[in-house]
Amino acid sequence: MAELATLARPYANAVFDIAKGAGALDSWSRMLSLLGVVAADPSVNQILEAPDTPDEQKAFRLAGLCGDELDDRARKMIPVLARYKRLGLIGEIRDQFEELKAQDEKVLEVEVVSARPLSAEQEGEIRSALADRYQREVNMSSRVDEQLLGGAVIRAGDTVIDGSVRGKLDKLAETLQRT
């Protein structure tokens with residue numbers, strides 16, 4: 001996984017610089033999302049991974065499937081990725097681009113997974129605490145996972161805060177096994 005991130009980073013940074021310079025962050029976000037969805041489709045992925053298909057043909061097919069949703073710069077990026085055998089990185093490039101975009105826009109994407117639905121008050125408290133801690137606007141989504149037993153797991157960027165009962169029990173079991 002880390003290797004994919006390392007390989008994708010220069011492309012994500014280059015695309016981000018191009019998009020920011022053109023004032024087209026949202027447009028590039030949509031184009032990369034579309035490319036990621038199309039490239040992840042099993043039948044398309046099979047074509048992109050086929051060793052006997054020439055790189056130019058892979059790039060042409062991928063761009064063709066996206067139709068008019070891509071601008072000229074995005075269409076020019078696809079053959080570059082194909083030439084260097086990097087079409088499989090499109091999803092990772094998209095993810096890193098979105099992280100760069102969020103950092104630039106001072107927005108922190110947060111996911112809260114809780115044992116029970118959060119009240120509006122709880123959501124507000126979590127949002128406020130994270131906004132204070134990270135000095136960013138917080139874009140929060142939440143979902144319920146009944147297997148947690150109680151508490152919540154908060155994913156804020158690269159940080160995971162595990163305040164779930166299941167997480168605490170797992171830590172306790174790990175500690176007891178060591179002794």
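Predicted model, so just to flag it, every value in this text is computed and none were measured.
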Is it the case that one hydrophobic cluster holds both Leu118 and Leu108, taking links as side-chain heavy atoms less than 4.5 Å apart, direct or via other members?
-> yes

CD (Glu125) and OG (Ser119) are apart, to the nearest 0.5 Å, by 7.0 Å

Heavy-atom closest pair (Ser142 atom, Glu123 atom, distance to 0.1 Å) is OG-OE2, 3.5 Å

Ile126 CD1 to Ser114 OG distance, which is reported to the nearest 0.5 Å | 7.5 Å

If you measure only the distance, is there a donor-acceptor pair under 3.5 Å linking the side chains of Glu92 and Gln96?
-> yes

Report the C-alpha distance between Phe16 and Leu25 in whole Å, list the side-chain angles of each, state the deciding distance to 0.1 Å, and finish with yes or no for side chain to side chain contact (heavy atoms under 4.5 Å, CB included).
-> CA-CA 7 Å; Phe16 179 79; Leu25 289 173; 3.6 Å; yes

Out of curiosity, does Tyr134 fall in the hydrophobic cluster containing Met140 (side-chain heavy atoms, cut-off under 4.5 Å, transitive links)?
-> yes

Flag yes if Val37 and Val15 sit in one hydrophobic cluster, no otherwise; membership is Ile, Leu, Val, Met, Phe, Trp, Tyr, and two members link when side-chain heavy atoms are under 4.5 Å apart.
-> no

Intermediate values then yes/no, side chain to side chain contact (heavy atoms under 4.5 Å, CB included), Leu62 and Ile90 = CA-CA 11 Å; Leu62 182 58; Ile90 289 174; 3.6 Å; yes

To the nearest 0.5 Å, atom NZ of Lys101 lies from atom NZ of Lys20 at 11.5 Å

Euclidean distance, Arg61 CZ relative to Ile78 CD1, rounded to 0.5 Å = 14.0 Å

Spacing of CG belonging to Leu100 relative to CG belonging to Asp95, to within rounding of 0.5 Å = 11.0 Å

Under-4.0 Å salt bridge between Glu111 and Arg155 = yes

State which residues pass side-chain hydrogen bond (donor to acceptor under 3.5 Å, both in side chains) with Ser29; sequence neighbours excluded, sorted by chain then number.
-> Glu98

Can you see which heavy atom on Arg116 is nearest to which on Val144, and at what distance?
-> C-CG2, 3.8 Å

When every non-hydrogen atom of Met31 is compared with those of Ala74, the smallest separation belongs to SD-CB, 3.7 Å

So with a 6.0 Å cut-off around CZ of Phe60, is the heavy-atom count from everything else above 12?
-> no

Let me see the working for Leu130 and Ile154 under side chain to side chain contact (heavy atoms under 4.5 Å, CB included), right down to the final yes or no.
-> CA-CA 10 Å; Leu130 291 171; Ile154 301 171; 4.0 Å; yes

Determine, using the 4.5 Å side-chain heavy-atom cutoff (strictly less than), whether Val38 and Ile47 are members of one ILVMFWY cluster.
-> no

Of all the heavy-atom pairs spanning Ala59 and Pro79, show the shortest one and how long it is.
-> CB-CA, 3.7 Å

Quick one: closest heavy-atom pair of Leu87 and Lys58, and the distance?
-> CD1-CB, 3.8 Å

Candidate pair Thr53 and Leu48, rule side chain to side chain contact (heavy atoms under 4.5 Å, CB included), full reasoning | CA-CA 8 Å; Thr53 304; Leu48 298 179; over 6 Å; no

Would you call Arg136 and Gln103 a side-chain contact if the rule is heavy atoms closer than 4.5 Å?
-> yes

Pairs flagged by side-chain hydrogen bond (donor to acceptor under 3.5 Å, both in side chains) wherever residues 68-90 is involved - sequence neighbours left out = Asp55-Lys85

Pro117 versus Gln122, closest heavy-atom pair with distance | O-OE1, 4.2 Å

Inter-residue atom distance Ile93.CD1 - Asn13.CG, 0.5 Å rounding | 10.5 Å

Path from Val153 to Leu149 over hydrophobic side-chain contacts below 4.5 Å = no

